[in-house]
J.: 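First the structure, which I've put down as structure tokens, then a few questions once you've had a look.
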Protein chains: 2
Amino acid sequence: MSDTTEKEQQPRRRQARGERRIAQLLAAAAQVFCTTGYTAASTNAIAREAGVSPGTLYQFFPNKEAIAVELGDRLMHEMREAYGEALAPVDPATPLEEAIGSAVDRFMAFNTDHPVFFALMHGPDIPGRMAEAHDQLHTTVTGRIEALLGSLMPDAAPADVGRTARVCLGVYKAGLELVLAHEGAERAAYTQETKDVLIRYLEPLVGDRLGRA
Amino acid sequence: MSDTTEKEQQPRRRQARGERRIAQLLAAAAQVFCTTGYTAASTNAIAREAGVSPGTLYQFFPNKEAIAVELGDRLMHEMREAYGEALAPVDPATPLEEAIGSAVDRFMAFNTDHPVFFALMHGPDIPGRMAEAHDQLHTTVTGRIEALLGSLMPDAAPADVGRTARVCLGVYKAGLELVLAHEGAERAAYTQETKDVLIRYLEPLVGDRLGRA
DNA sequence: GACAAACACGAGAGATCGCTCGCGTTTCAC
DNA sequence: GTGAAACGCGAGCGATCTCTCGTGTTTGTC
């Protein structure tokens, strides 16, 4: 109480070696989570994959869930850093096709670069804290899409806009699953299909707005 | 070898009581699988839900996986019985909208009536035999959609038709997830949105074929 | 009524997993 | 150099889960 420390924070001083181990463990965890999913992934397997003992793993993470949470946090941070408010620039000058195309490309690229992100967000086995993060991200993204749609179709009921936004996100997720299941040219083709589905779904809704031809 | 039995079949004679227990256990398993998923569902929990002892459960099922497999088989059978070759009647006289609408309605109705079907097919935690069944169903359904699409767009490359079919199935699954997450009027609205996505996606592909206006 | 087979029970064997603990090693400030 | 703290190890504790087994009960056949 009288100490200078706020309330719950005595974050043991980390050495450079420790930071390296943490990165190593998170990389190993990503690998294991990708191949077996969160629940089936054992902490011993993660430690083995990282080449350290189980005890060492628990030197840096209080429990299994904390590994997934930290991994999720770092991915979120990297996502924000890479794309910032990628969905925010509603730039009314951009045609619908181009807006959807670049948004899909950006998110597809991120998810194919970090397949563990999909593994952590998609499983029905995700832990409590992870589910919160998932819901928060879901809400945020849905909100962004809602805002974007709201500016494109100003005379639609808010409930309809929200539903449309959720449908768009669902379609994107379905496309992502197909994209992740294929490689090379086939993968590119599914990316294009995903864009087409979204464009054709939204075109009639936004009306003649920006829809050139 | 010399017996009249073929090779591997001595299916212990079941009494009526046994058949009742099996149905009871499968219903309990469906309940538990729906709420906790396959992996997290414990056989003891299923037995408790059914009001019997763990030993009794293993009197009728050799292991946990067999419960899911039997449940899946019965659902498949019920599906075929209820809708037969629902996707087969490509009836070229039916407009695209109507064909998609009735197909989506039928499958949505089945899945909302049997939510465990989605739970068993969707989880990344499904066991080996279940994954086989999932893949088989996936292949069958995709094939049906391919056949239907092939007759609507006869001058398209087979690879493109296959891809389009997989996209349609993915879109349907995404819609199903949204439908299962809502109720009442909202659920109906998401069903309609799913149809719209599919119709608008396919309309340009099948060209002026049957597209009245 | 008598016998066999199917049904039912529940304690617990065997295996796995998350996580801990005691002890030895490395790093760093002074 | 020296002491303290961070790092590292791996056997194993406790909890949980799947599945078994010995025993007792119910059902069907003669």
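Reckoned from all heavy atoms, side chains included, excluding hydrogens, waters and symmetry mates. Naming: A, B, ... by sequence-line order, numbering from 1 per chain.
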J.: What is the distance, to the nearest angstrom, from the CZ atom on Arg14(A) to the C1' atom on dG8(D)?
T.: 13 Å
J.: Is a side-chain donor-acceptor pair under 3.5 Å present for Tyr201(A) with Asp196(A)?
T.: no
J.: Atom pairs, N/O to N/O, protein against nucleotides 24-30 of chain C, distance under 3.5 Å?
T.:
none

J.: Expressed in angstrom and rounded to an integer, what is the separation of Phe61(A) atom CZ from dT20(C) atom P?
T.: 15 Å
J.: Determine the sole option in His182(A), Glu186(A), Gln192(A), Glu193(A) for which the side-chain hydrogen bond (donor to acceptor under 3.5 Å, both in side chains) test with Arg163(B) is passed.
T.: Glu186(A)
J.: Could you check whether atom CD of Glu97(A) has more than 12 heavy atoms from other residues, nucleotides or ligands sitting under 6.0 Å from it?
T.: no
J.: Which one, dC19(D), dC9(D), dA8(C), comes nearest to the side chain of Arg21(B)?
T.: dA8(C)
J.: May I ask you to decide if the ring planes of Tyr172(B) and Phe107(B) are parallel, tilted or perpendicular, using 30° and 60° as cut-offs?
T.: perpendicular
J.: Starting at atom CD1 of Ile46(A), determine the distance to atom P of dC19(C), rounded to an integer number of angstrom.
T.: 10 Å
J.: Starting at atom OH of Tyr58(A), determine the distance to atom C1' of dC7(D), rounded to an integer number of angstrom.
T.: 17 Å
J.: Could you write out each protein N or O paired with an N or O of nucleotides 10-17 of chain C at a distance under 3.5 Å?
T.:
from    : atom 1 : to       : atom 2 : distance (Å)
dG10(C) : N7     : Ser53(B) : OG     : 3.4

J.: So which heavy atom on Leu178(A) is nearest to which on Val167(B), and how close?
T.: CD1-CA, 3.8 Å
J.: In terms of ring plane angle, is the pair His114(A) and Phe110(A) parallel, tilted or perpendicular, where the classes change at 30° and 60°?
T.: tilted
J.: Hey, does the side chain of Thr36(B) reach the backbone of Phe33(B) with a donor-acceptor pair shorter than 3.5 angstrom?
T.: no
J.: Check the distance between dC9(D)'s P and Gln59(A)'s CD and give it to me in whole angstrom.
T.: 10 Å
J.: Taking salt bridge (charged side-chain N to carboxylate O under 4.0 Å, His left out) as the cut-off, I'd like each qualifying pair that reaches into residues 60-71 of chain B, sequence neighbours left out, listed once.
T.: Glu70(B)-Arg74(B)
J.: Return the value, rounded to whole Å, for the distance between atom CZ of Arg20(A) and atom P of dA6(D).
T.: 17 Å
J.: Could you grab the distance from atom CD of Glu177(A) to atom CZ of Arg166(B), nearest 0.5 Å is fine?
T.: 13.5 Å
J.: Mind calculating the distance between CD (Glu19(A)) and P (dA6(D)) to the nearest angstrom?
T.: 13 Å
